[in-house]
Number of protein chains: 4
Amino acid sequence: MGQENKLKIRNAAVQVISEKGFYNTRMLDIAEEAELAVGTLYNYFKSKDEILEYIFAKEMERRMEIIAELKAKDISTKKFLKEFLDRHFEVLIRNPHLGRVVVREKDFSGREKSGNIQQFIETLIEALEDIFVEALANSEIKDIDPHLMAVFFFGAIHGMIEHALTKPDIMMLKNAPQFIMERIEHIFIN
Amino acid sequence: MGQENKLKIRNAAVQVISEKGFYNTRMLDIAEEAELAVGTLYNYFKSKDEILEYIFAKEMERRMEIIAELKAKDISTKKFLKEFLDRHFEVLIRNPHLGRVVVREKDFSGREKSGNIQQFIETLIEALEDIFVEALANSEIKDIDPHLMAVFFFGAIHGMIEHALTKPDIMMLKNAPQFIMERIEHIFIN
Amino acid sequence: MGQENKLKIRNAAVQVISEKGFYNTRMLDIAEEAELAVGTLYNYFKSKDEILEYIFAKEMERRMEIIAELKAKDISTKKFLKEFLDRHFEVLIRNPHLGRVVVREKDFSGREKSGNIQQFIETLIEALEDIFVEALANSEIKDIDPHLMAVFFFGAIHGMIEHALTKPDIMMLKNAPQFIMERIEHIFIN
Amino acid sequence: MGQENKLKIRNAAVQVISEKGFYNTRMLDIAEEAELAVGTLYNYFKSKDEILEYIFAKEMERRMEIIAELKAKDISTKKFLKEFLDRHFEVLIRNPHLGRVVVREKDFSGREKSGNIQQFIETLIEALEDIFVEALANSEIKDIDPHLMAVFFFGAIHGMIEHALTKPDIMMLKNAPQFIMERIEHIFIN
DNA sequence: TATGAATGAGCTTTCATTCAT
DNA sequence: CATGAATGAAAGCTCATTCAT
């Protein structure tokens, strides 16, 4: 089944890009890491850019699934946020390479097509904002601009991830969700 | 005076890199923006990488100056942070191109030499941490891990800057320091 | 029957090569046009070059058949030429794609193996020359160098075909044999 | 002066392309023949295609100059044609490589931009046609379709050139203009 | 010091060909 | 025989850097 190779390429790309950065990674590097020929990469992706796009698209998909899943649970906003943060960080602790790629290569501006990548950040921030808006409507949190709040917390989250993965400091990564939740709690009324 | 050209090159680089990203910017692009010949760039910088290094070094220097200046004033931690945030954002509002470069290209990993750039972030976080440590010693703030706190706020600050500059949303940029200060205040005892 | 596929491939190749040129045609293009898999092409042809060789070989064979047939008829040189021109053009009017390939790709110089293709032109010119030589022996035509004559008329014929197919100008293609015959008649004594 | 290199590249390209054909010629081949680096080629031409375009454009320009010059002389059509043929062939005898490129690569169909090359043929045929039209108006020649006539002679001319250069047969090349003129004369009234 | 043409290593991408199924 | 995924050599092109002027 061809999807097996697509997965191998994705994983190899994540590995190599996390180490050398997107622009210092050659298609040959990815191919060697994936134990495939260069040509094979092009049977699954139209271009080098598309590989990065795919990585982000996949991660966005996963996050949206988590969010949909949690929404279905109909839990409190506070619990919602805690769950999401836990799962978000859990993924990164298990795959720090992926984390590094996601936080570092998000500014990719390869010409005009970087749709998925810019959108990855946008969408997550909007999802966070939606949660705050709803919480605000339910008077669960203090009256603070939900958009600013979302951007603020998203920045803090990614900043902590990046910092922890750059050292690397697995301890900080473990403590981060708890720490962030405590900060968030300050905006909750009860 | 030769330093005039060095400044022109730096400004041109900031301008172009903020628009196209470091790796999509050619030396020729910078030269044209600076209205100089390509060869002239090499009279002031040893390499393309070094130009980016210089931009970050210069910004780091400026921030350290602000910090030194504020430390000399011997003001309260709260006031200190407010002043620093105000000045940090003021620079970026006046020069959004510079802001974009600083927040986007910080992950530059050109082989081994990215000393200055990684350090820019590190140093600022450490400076922030120092402030929290001192404030903690003076019982000005609640008992929270100062390192985590510094990373958290630094991430939030840069996240807001990046978001505001990407849209671009000058309004958010103006409101950000006030908003961040309010968040910080929640952790202050008095 | 396997020859059916060989025919399908030939026709597909003629179609695609006439549109994109030999070097801009990929094996995949031919395969898709033939509604076959790429691998299948290699069951009938050793290489891409060989497909072009085959097209030319087939056309040469057809022309030689026509010539043999006409020779058997034992008609006058003038009639011979007229018949040959009529049949030659008739094929091309019915299959302009084939015509385009034959007149355009004749200069194929893929390294050393282009035997058949160079020979296609050579052989036709020689055939034409033979006719003139014979006519000269029979004092049917004026005393003009038969080789120059053959090259001259062959060039004129192919030039008209190419021009008519490039536009395309089916009217010119129809008038061409008659026009060429009238020019040829000038060299006949009677 | 940079134009010197442009000339060196053109000549090298003519040399190599005439030997290997356009598609079998690599930029490196041209560079080596020109004793320049590959990169230098791109300082003078945007692409490989553009080099071929330039070769044709230059030749067209030369032919148009010859035509303009002869028109200024106000000579008879017969003399006009003779002069033009003589000069056209003279160029090719002096530079057979150029001749081979011009007659062989004229069908270049590199995507959509082959403007100059298609036009080279078109323009020359039209120029020839104009001469016949004028001669017809002056009753210098018999009443024959000038367009068909132009295409016919152009094909014959190029066919002879190609044949003579392919062998190569310098004798045929020398005799060709005289031979062609005699054919043309048969259509002249006096 | 300023210039910009020359350089060539290095990159992405293509595609004819192979071969296991 | 048919298939089409895998292969990797090969090509066009870019661009940081050099250096003669």
Side-chain angles (χ1 to χ4, degrees), chain A residues 1-2 4-6 8-9 23-32 34-51 110, chain B residues 1-2 4-6 23-32 34-51 110, chain C residues 1-2 4-6 23-32 34-51 110, chain D residues 1-2 4-6 8-9 23-32 34-51 110:
Chain A
M1 174 55 169
E4 191 194 328
N5 270 346
K6 189 157 189 176
K8 271 168 75 179
I9 295 168
Y23 283 104
N24 291 317
T25 297
R26 297 166 303 149
M27 287 303 264
L28 183 61
D29 295 326
I30 300 175
E32 280 173 354
E35 291 178 307
L36 290 169
V38 191
T40 308
L41 270 53
Y42 287 88
N43 290 337
Y44 296 89
F45 296 95
K46 275 205 286 291
S47 68
K48 187 184 167 190
D49 287 6
E50 218 192 67
I51 297 180
Chain B
M1 171 58 169
E4 190 193 332
N5 270 347
K6 188 157 188 173
Y23 282 102
N24 291 318
T25 296
R26 296 169 303 153
M27 288 300 265
L28 180 63
D29 296 325
I30 299 174
E32 280 174 352
E35 291 177 308
L36 291 169
V38 197
T40 308
L41 271 54
Y42 286 86
N43 290 333
Y44 296 90
F45 297 96
K46 273 207 290 292
S47 69
K48 186 186 168 190
D49 289 4
E50 217 191 66
I51 297 181
Chain C
M1 171 57 166
E4 190 193 330
N5 271 346
K6 188 157 188 173
Y23 283 102
N24 293 317
T25 297
R26 297 167 303 153
M27 289 300 265
L28 181 63
D29 295 326
I30 299 174
E32 279 174 353
E35 291 175 310
L36 290 169
V38 196
T40 307
L41 270 53
Y42 286 85
N43 291 332
Y44 296 89
F45 297 95
K46 274 207 290 290
S47 69
K48 186 186 169 190
D49 288 4
E50 217 192 65
I51 297 180
Chain D
M1 173 56 168
E4 190 194 329
N5 270 346
K6 188 157 189 174
K8 272 168 74 177
I9 295 168
Y23 282 104
N24 293 316
T25 297
R26 296 167 302 150
M27 288 303 265
L28 182 62
D29 296 326
I30 300 174
E32 279 173 354
E35 291 177 307
L36 290 169
V38 190
T40 307
L41 270 54
Y42 287 89
N43 290 336
Y44 296 89
F45 297 95
K46 274 205 287 291
S47 68
K48 188 185 168 191
D49 287 6
E50 220 192 63
I51 296 179

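Proteins come first, then strands; the chains are lettered A, B, ... in the order of their sequence lines, and each starts at number 1.
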For A/Met27 and C/Met27, take the nucleotide of DNA chain E holding the closest heavy atom to each; which residue's nucleotide lies nearer the 5' end? A/Met27
Determine the minimum heavy-atom distance between D/Asp29 and D/Asn24, stating which atoms define it. OD2-O, 4.0 Å
In this structure, how many angstroms lie between the P atom of E/dT13 and the CZ atom of A/Arg26, rounded? 14 Å
Applying side chain to side chain contact (heavy atoms under 4.5 Å, CB included), name anything that partners C/Phe45, two or more places apart in sequence or on another chain. C/Lys6, C/Ile9, C/Glu50, C/Ile51, C/Tyr54
Hey, does the side chain of B/Lys48 reach the backbone of B/Thr25 with a donor-acceptor pair shorter than 3.5 angstrom? yes
N/O to N/O distances under 3.5 Å, protein versus nucleotides 5-8 of chain F:
from: F/dA6; atom 1: OP1; to: A/Asn5; atom 2: ND2; distance (Å): 2.2
from: F/dA6; atom 1: OP1; to: A/Tyr44; atom 2: OH; distance (Å): 3.2
from: F/dA6; atom 1: OP2; to: A/Tyr44; atom 2: OH; distance (Å): 2.5
from: F/dA6; atom 1: N7; to: A/Asn43; atom 2: ND2; distance (Å): 3.4
from: F/dT7; atom 1: OP2; to: A/Ala37; atom 2: N; distance (Å): 3.1
from: F/dT7; atom 1: OP2; to: A/Thr40; atom 2: OG1; distance (Å): 2.6
from: F/dG8; atom 1: N7; to: A/Gly39; atom 2: N; distance (Å): 3.2

Could you tell me how far apart A/Asn24 (CG) and E/dT12 (C1') are, to the nearest whole angstrom? 15 Å
For DNA chain E, whose closest nucleotide is more 5', that of C/Lys46 or that of A/Tyr42? A/Tyr42
Where do C/Ala31 and C/Ala37 come nearest, in terms of heavy atoms and distance? CB-C, 4.0 Å
Paired and unpaired positions of DNA chain F as dot-bracket, Watson-Crick or G-U wobble under 3.5 Å, | denoting a partner strand: .||||||||||||||||||||
Protein-nucleotide distance (D/Leu28, atom CG; F/dA9, atom P), rounded to Å: 18 Å
Gap separating the CD1 atom of D/Ile30 from the OG1 atom of D/Thr40, nearest 0.5 angstrom: 13.0 Å
Rounded distance in Å - CD (B/Glu4) to P (E/dA2): 10 Å
Write down the distance between CZ (B/Phe45) and P (F/dT18), rounded to a whole number of angstrom. 16 Å
Measure CD/D/Glu50 against P/F/dG12 and give the value in whole Å, please. 15 Å
Nucleotide of E/dA16, E/dT12, F/dG12 approaching D/Lys48 most closely (side-chain heavy atoms): F/dG12
